[in-house]
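Structure first, commentary second.
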2 protein chains.
Amino acid sequence: MRRRQIGEALLRIASTRGLQSATMREVAAEAGVSLRLVQYYFRTKEELLLAALAYLGEQLTARVSASIRALGPATPRSIVEGTLTAILPTDDESVRLTRAYTGFYTLVFSEPELGERHGATYPDKLESLLARQIAAAQEAGEVAAGVDPALTAAALLALTNGLGSSVLGGQRDGAAARRILDDQLGRVFL
Amino acid sequence: MRRRQIGEALLRIASTRGLQSATMREVAAEAGVSLRLVQYYFRTKEELLLAALAYLGEQLTARVSASIRALGPATPRSIVEGTLTAILPTDDESVRLTRAYTGFYTLVFSEPELGERHGATYPDKLESLLARQIAAAQEAGEVAAGVDPALTAAALLALTNGLGSSVLGGQRDGAAARRILDDQLGRVFL
DNA sequence: GCCTTGATGATACGCTCGTATCATCAAAAG
DNA sequence: CTTTTGATGATACGAGCGTATCATCAAGGC
């Protein structure tokens, strides 16, 4: 559909030139349509941003589940590892997704209404999912008894986000970030 | 001096309304001077941003050393802990600094020239400092032998940055972030 | 066959931005 | 006393932004 085509164009701009370059005119050019058409399908820019954010969410969850599936049978560890490595910007697709996502994340800092209108509980859901898997692994004896699942899940997710920022900032590449994450995962899971 | 007064005004805006609201006119109003005066002391906006970034760096390093000093005698662990907790947005000052810093950090994503003109090796310096302290603690037997100082330093710093983002994003408060960080520190240091 | 309606184009409006220009004025220098 | 120079004010300019307006046109319902 036209809406999707335009929304994807915005995401493409957000992951290359940055979300602040995603003006109505730029989005129209990127999508190969006229400015009028963008306005026709999205009455306001906020509407367009919200739609694009929804598309991004779809792609993100699709990537996470694909990454979990790629790690073989679903064990607590494979779920945790698959989730975190899917988020880490290691290949082209994850770099694109992470770039676009952080663009929206920082945008919400200056336009809090956008976040409210979206219900951005995405990180919280991920975190509780991870905590449940760690708790399950702990019951199965794959995680040391002294580990607090909630604290550890939060730490792993924050670590992954921080590593992602450092990769996007050019401080290290995806492989190095992956090594750091794997090292920490190896300290959580026995 | 006038330059400092104006630069601090920009930082104040960056830490409250966000860096993208720091227009020349807003900075002038915040500093209580005319637009012309801002232009007089900073010929271009980039010059102003660079100067403000330098001021921010000063404040950041000052806070880090104060936080290390506050933890008593300088041991490897107190240095690591002081550095990381100084960065974490737990009180008003650190929230201000972190907000402003992430503002600049994300700005560099869209204007890479700004980062080049500043030599933003700040995170790398912090990371190697932490790695040295962890290695020293390891030699003193305060850190398990199986720990890789470089990987662990990177992980702790990325964790702290990720926690900072989550605090700024309203996902948790500074105290909760502090608990997560302390938990991880307790797993590194015996 | 007309007429409504959804889709598309061209263009304009009002605003804010960074920057530039012109004028003024106090104080220091000669 | 005059002149120079650094500091300050008022205002303008051109560009880009989101949004709005007006016109056109193809297709489907009656």
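Order of the sequence lines fixes the chain letters, A, B, ..., with proteins taken first and strands second; residue numbering starts at 1 for each chain. What you are looking at is a predicted structure, and each value in this text was computed from that prediction instead of being measured.
- For B:F189, the ring-ring contact (aromatic ring centres under 6.0 Å, His included) test picks out no residue, with sequence neighbours left out.
- For the side chain to side chain donor-acceptor pair (under 3.5 Å) test, no residue two or more places apart in sequence or in another chain qualifies with A:Q39.
- Taking the side-chain contact (heavy atoms from CB on, under 4.5 Å) definition, one finds that A:D91 meets it with A:R63, A:E93, A:S94, sequence neighbours left out.
- Annotation: side-chain contact (heavy atoms from CB on, under 4.5 Å) contacts of A:T85 (sequence neighbours excluded): A:S67, A:E81, A:R178, A:L181.
- Scanning for side-chain contact (heavy atoms from CB on, under 4.5 Å) contacts around A:L126 gives A:T83, A:I87, A:Y122, A:L129, A:L157, with sequence neighbours left out.
- A salt bridge is defined here as a Lys NZ or Arg NE, NH1 or NH2 lying under 4.0 Å from an Asp or Glu carboxylate O, and B:D92 with B:R96 fails to meet this definition.
- Sequence neighbours left out, the pairs with a member in residues 28-39 of chain A that pass salt bridge (charged side-chain N to carboxylate O under 4.0 Å, His left out) are A:R12-A:E30, A:R17-A:E30.
- Annotation: proximity of residues 41-51 of chain B to DNA chain C (heavy atom, distance under 4.0 Å) is found for B:T44, B:K45, numbered in ascending order.
- The nucleotide range of DNA chain D contacted by chain A, defined by atoms under 4.0 angstrom from heavy atoms of the protein and reported 5' to 3', is D:dC17 to D:dC22.
- Under the side-chain contact (heavy atoms from CB on, under 4.5 Å) criterion, B:A158 pairs with A:L159, A:L163, sequence neighbours left out.
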Which pairs of donor and acceptor atoms, one on a side chain in residues 46-55 of chain B, lie under 3.5 Å apart (sequence neighbours left out)?
{"from": "B:E46", "atom 1": "OE1", "to": "B:R117", "atom 2": "NH2", "distance (Å)": "3.2"}
{"from": "B:E46", "atom 1": "OE2", "to": "B:R117", "atom 2": "NE", "distance (Å)": "2.6"}
{"from": "B:E46", "atom 1": "OE2", "to": "B:R117", "atom 2": "NH2", "distance (Å)": "2.7"}

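- For residues 136-148 of chain B, no residue pair satisfies the salt bridge (charged side-chain N to carboxylate O under 4.0 Å, His left out) rule, not counting sequence neighbours.
- Listed by residue number, B:T23, B:M24, B:R25, B:L35 are the residues of residues 10-35 of chain B with a heavy-atom contact under 4.0 Å to DNA chain C.
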